[in-house]
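Both backbone and side-chain heavy atoms feed into the values below; hydrogens, waters and symmetry mates do not. For clarity, every value in this text was computed on a predicted model and none was experimentally measured.
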Amino acid sequence: MANILPDDALIEILLHLPKHPMCLLRASLVSKHWRYLIRDNKFIKRFRAFHQTPPVLGIFTNSTSIPRFLPIGNPPECVTAGAFSLPDPYWHVLGCRHSRVLLISSSWNSLQVWNPMTGNRYAVPVTPDVNPRINYGRVPESHAAVLCAAGHNDHGDCGSCPFSIVWVFTNIGYAYISRYSSEKDTWDMMASSPAPSEVDSRPSILVGNVIYWPLKSKHILAFELATSRLYHIECPSETHSVYRRNVHIMKAEDGGLGLAAMTGFNLQLWALEIDSGGVTGWVLCKTIELGAVLPLEVPSVPLTDSHLVRRPPVRILGLVEEDDLFFIWTAVGVFAVQLKSLQFKKVFEADVSATFYPYTAFYTTGADINMLLLQFVFCSLFNPAYAC
């Protein structure tokens with residue numbers, strides 16, 4: 001029946017397949033003609049536009065007690081852990097964005113931009129501005145983020161686009177920004193500003209044209225990409241007593257800056273808004289009682305603040321920047337929770353509790369499909385579930 005359908009009808013059916021890459025991969029194995037249609041760049045662009053947000057393929061971690069990459073889903077509709085293993089196990093993940101992963105060596109003297117979907121790697125020396133010899137003999141607290149520098153809004157196919165690395169470091173009461181351009185192959189010092197504390201190890205969030213990092217104090221560091229303005233924002237006073245790693249920067253529902261704070265079993269969602277008088281301030285938009293959503297064992301005795309600081313019963317491990325998907329640790333496992341619909345799914349057991357770096361990607365080019373096809377065939381030889 002599929003062979004006698006006109007191409008327009010067949011393409012329309014293929015567009016409605018689930019957006020996970022393995023679904024398109026399995027469809028491409030049906031026939032040479034299907035594979036030809038799926039590998040066409042015009043179809044891939046339509047597929048990406050139809051599904052809008054890329055799927056989460058898995059989670060990168062820097063843990064020494066669990067795998068460095070954890071696939072999301074079950075065979076055969078998930079990528080293989082081996083195909084996404086780090087190029088070097090001694091490198092650390094700093095963040096994932098626009099189909100790329102930013103890695104740093106254990107000695108913090110070399111960066112690597114890696115696209116797991118294509119296997120492409122790009123080595124970058126660390127900015128000389130963090131050399132301890134010119135920073136009073138100490139290595140500044142640092143973090144970095146990778147992002148597409150092509151200047152477009154559709155980041156579903158950025159594998160071959162130029163990229164930037166924005167490096168932030170804090171030293172003796174100041175924050176500094178240095179920016180790397182893959183087109184110029186140079187680092188440039190962009191900005192400096194007083195900072196209330198050092199930059200934290202939690203990943204950055206890109207909201208519009210501004211990149212945000214959490215600071216170790218109750219503040220957020222903001223860097224405007226277009227203007228190079230660097231400044232800090234105080235978090236809502238109501239979140240100051242919350243366990244630091246349970247406060248995460250996010251994109252608000254209106255597309256602006258948001259904040260998620262977990263207190264006990266309650267997830268508070270904040271947004272930075274401007275009132276009618278032009279004053280900017282934090283507004284509590286929603287409180288989600290996770291104890292009523294997830295299958296949790298809520299203690300009958302109320303938890304005191306000291307209990308929450310010492311051992312929060314629920315923890316935010318990470319979130320997807322372009323989606324409302326959160327990864328929540330509980331004593332019964334790790335759940336992926338959609339904040340708008342409150343749909344949830346248990347994705348890992350409770351022993352997975354490291355900081356999460358979600359990796360998202362679409363199929364982008366025929367080369368990507370060829371690479372995953374080889375992975376699929378290899379895994380089918382050793383895991384019958386992939387051959388189903």
Side-chain angles (χ1 to χ4, degrees), residues 54 56-72 79-132 139-149 155 158-169 177-183 185-187 199-206 211-214 223 317-322 327 352 354-361 364 368 371-372 375:
V56 181
L57 304 188
I59 303 296
F60 285 100
T61 79
N62 289 320
S63 174
T64 58
S65 59
I66 60 175
R68 301 294 300 279
F69 180 77
L70 302 165
I72 296 288
V79 297
T80 63
F84 282 71
S85 60
L86 294 182
D88 187 324
Y90 296 102
W91 287 60
H92 298 281
V93 178
L94 293 178
C96 305
R97 183 174 291 112
H98 303 157
S99 302
R100 293 181 170 113
V101 183
L102 182 61
L103 305 170
I104 191 164
S105 63
S106 57
S107 57
W108 281 72
N109 62 4
S110 182
L111 293 164
Q112 191 172 135
V113 177
W114 172 44
N115 186 333
M117 292 291 289
T118 63
N120 292 338
R121 306 179 198 172
Y122 193 103
V124 180
V126 166
T127 170
D129 297 311
V130 296
N131 191 324
V139 178
E141 291 288 333
S142 303
H143 213 306
V146 64
L147 57 151
C148 176
H155 295 290
C158 296
S160 59
C161 295
F163 64 85
S164 294
I165 299 174
V166 181
W167 185 286
V168 58
F169 61 98
I177 293 289
S178 190
R179 188 170 181 173
Y180 174 83
S181 166
S182 66
E183 294 177 291
D185 192 25
T186 58
W187 284 98
V199 66
D200 193 56
S201 61
R202 286 166 290 168
S204 63
I205 292 291
L206 180 65
I211 192 163
Y212 298 93
W213 285 274
F223 176 64
L317 298 183
L319 57 92
V320 178
E321 186 174 81
E322 294 296 329
F327 292 94
V352 178
T355 298
F356 277 13
Y357 300 88
Y359 180 78
T360 64
T364 55
D368 292 338
M371 187 194 72
L372 287 178
Q375 297 168 5

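Here the closest heavy-atom approach between residue Gly82 and residue Ser85 is recorded as O-OG, 3.0 Å. When all heavy atoms of His92 and Ser106 are compared, the pair lying nearest together is CD2-CA, 4.1 Å. Minimum interatomic distance between Ser99 and Asn115 (heavy atoms only, all atoms of both residues): O-OD1, 3.4 Å. Nearest heavy-atom pair, Pro358 versus Cys96, reported as atom, atom and distance to 0.1 Å: O-CB, 3.5 Å. Closest approach of Ala144 and Trp167 over heavy atoms only: CB-CE3, 3.6 Å. Here the shortest heavy-atom pairing between Leu206 and Glu321 reads N-OE2, 2.7 Å.
Applying the ring-ring contact (aromatic ring centres under 6.0 Å, His included) test to Phe356 and every residue at least two apart in sequence or in another chain returns Phe327, Phe348.
To the nearest 0.5 Å, atom CD1 of residue Ile165 and atom CD1 of residue Ile104 are 9.5 Å apart. Atom-to-atom distance recorded for Asn120:CG and Trp114:CH2 is 11.5 Å, nearest 0.5 angstrom. The CZ atom of Arg179 lies 9.0 Å from the CD1 atom of Ile211; values are rounded to the nearest 0.5 Å. Remark: Ile72 CD1 to Leu57 CG distance equals 9.5 Å, nearest 0.5 Å. One distance of note links CG of Leu102 with NE2 of His143; it measures 9.0 Å at 0.5 Å rounding. The line from OH of Tyr357 to CZ of Phe60 is 12.0 Å long, rounded to the nearest 0.5 Å.
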Q: Report the C-alpha distance between Val93 and Val101 in whole Å, list the side-chain angles of each, state the deciding distance to 0.1 Å, and finish with yes or no for side-chain contact (heavy atoms from CB on, under 4.5 Å).
A: CA-CA 7 Å; Val93 178; Val101 183; 4.0 Å; yes

(Q) Go through it in stages, so that I can follow the logic: the residues are Phe84 and Tyr359, the test is side-chain contact (heavy atoms from CB on, under 4.5 Å), and I'd like the CA-CA distance, side-chain angles, deciding distance and then a yes or no. (A) CA-CA 10 Å; Phe84 282 71; Tyr359 180 78; 3.6 Å; yes

Q: Could you walk me through whether Val352 and Ile59 pass side-chain contact (heavy atoms from CB on, under 4.5 Å), step by step?
A: CA-CA 11 Å; Val352 178; Ile59 303 296; over 6 Å; no

Q. Under the side-chain hydrogen bond (donor to acceptor under 3.5 Å, both in side chains) criterion, do Arg97 and Ser204 qualify, and how do the steps go?
A. CA-CA 10 Å; Arg97 183 174 291 112; Ser204 63; 3.2 Å; yes

Q.
Let's go through Ser105 and Ser110 carefully: what are the C-alpha distance in whole Å and the side-chain angles of both, what is the deciding distance for side-chain hydrogen bond (donor to acceptor under 3.5 Å, both in side chains) to 0.1 Å, and is it a yes or a no?
A. CA-CA 6 Å; Ser105 63; Ser110 182; 5.1 Å; no

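Checking side-chain atoms of Arg68 against main-chain N and O of Pro89 turns up a donor-acceptor pair under 3.5 Å. Remark: side-chain polar atoms of Trp187 are paired, donor with acceptor, to backbone N or O of Pro125 under 3.5 angstrom.
Looking only at side-chain heavy atoms (C-beta outward), Thr61 and Leu317 stay at 4.5 Å or farther from each other. Looking only at side-chain heavy atoms (C-beta outward), Ser142 and Trp108 come within less than 4.5 Å of each other. Considering only heavy atoms from C-beta on, Phe223 stays 4.5 Å or farther from Tyr212 through its side chain. Residues Tyr180 and Val166 have side chains not in contact (no heavy-atom distance under 4.5 Å, counting atoms from C-beta outward). When side chains are defined from C-beta on, His98 counts as touching Leu147, because their heavy atoms get closer than 4.5 Å. Between Val146 and Ser164, the closest side-chain pair of non-hydrogen atoms is not below 4.5 Å.
Taking the ring centroids of Phe163 and Tyr122, they lie under the 6.0 Å cut-off.
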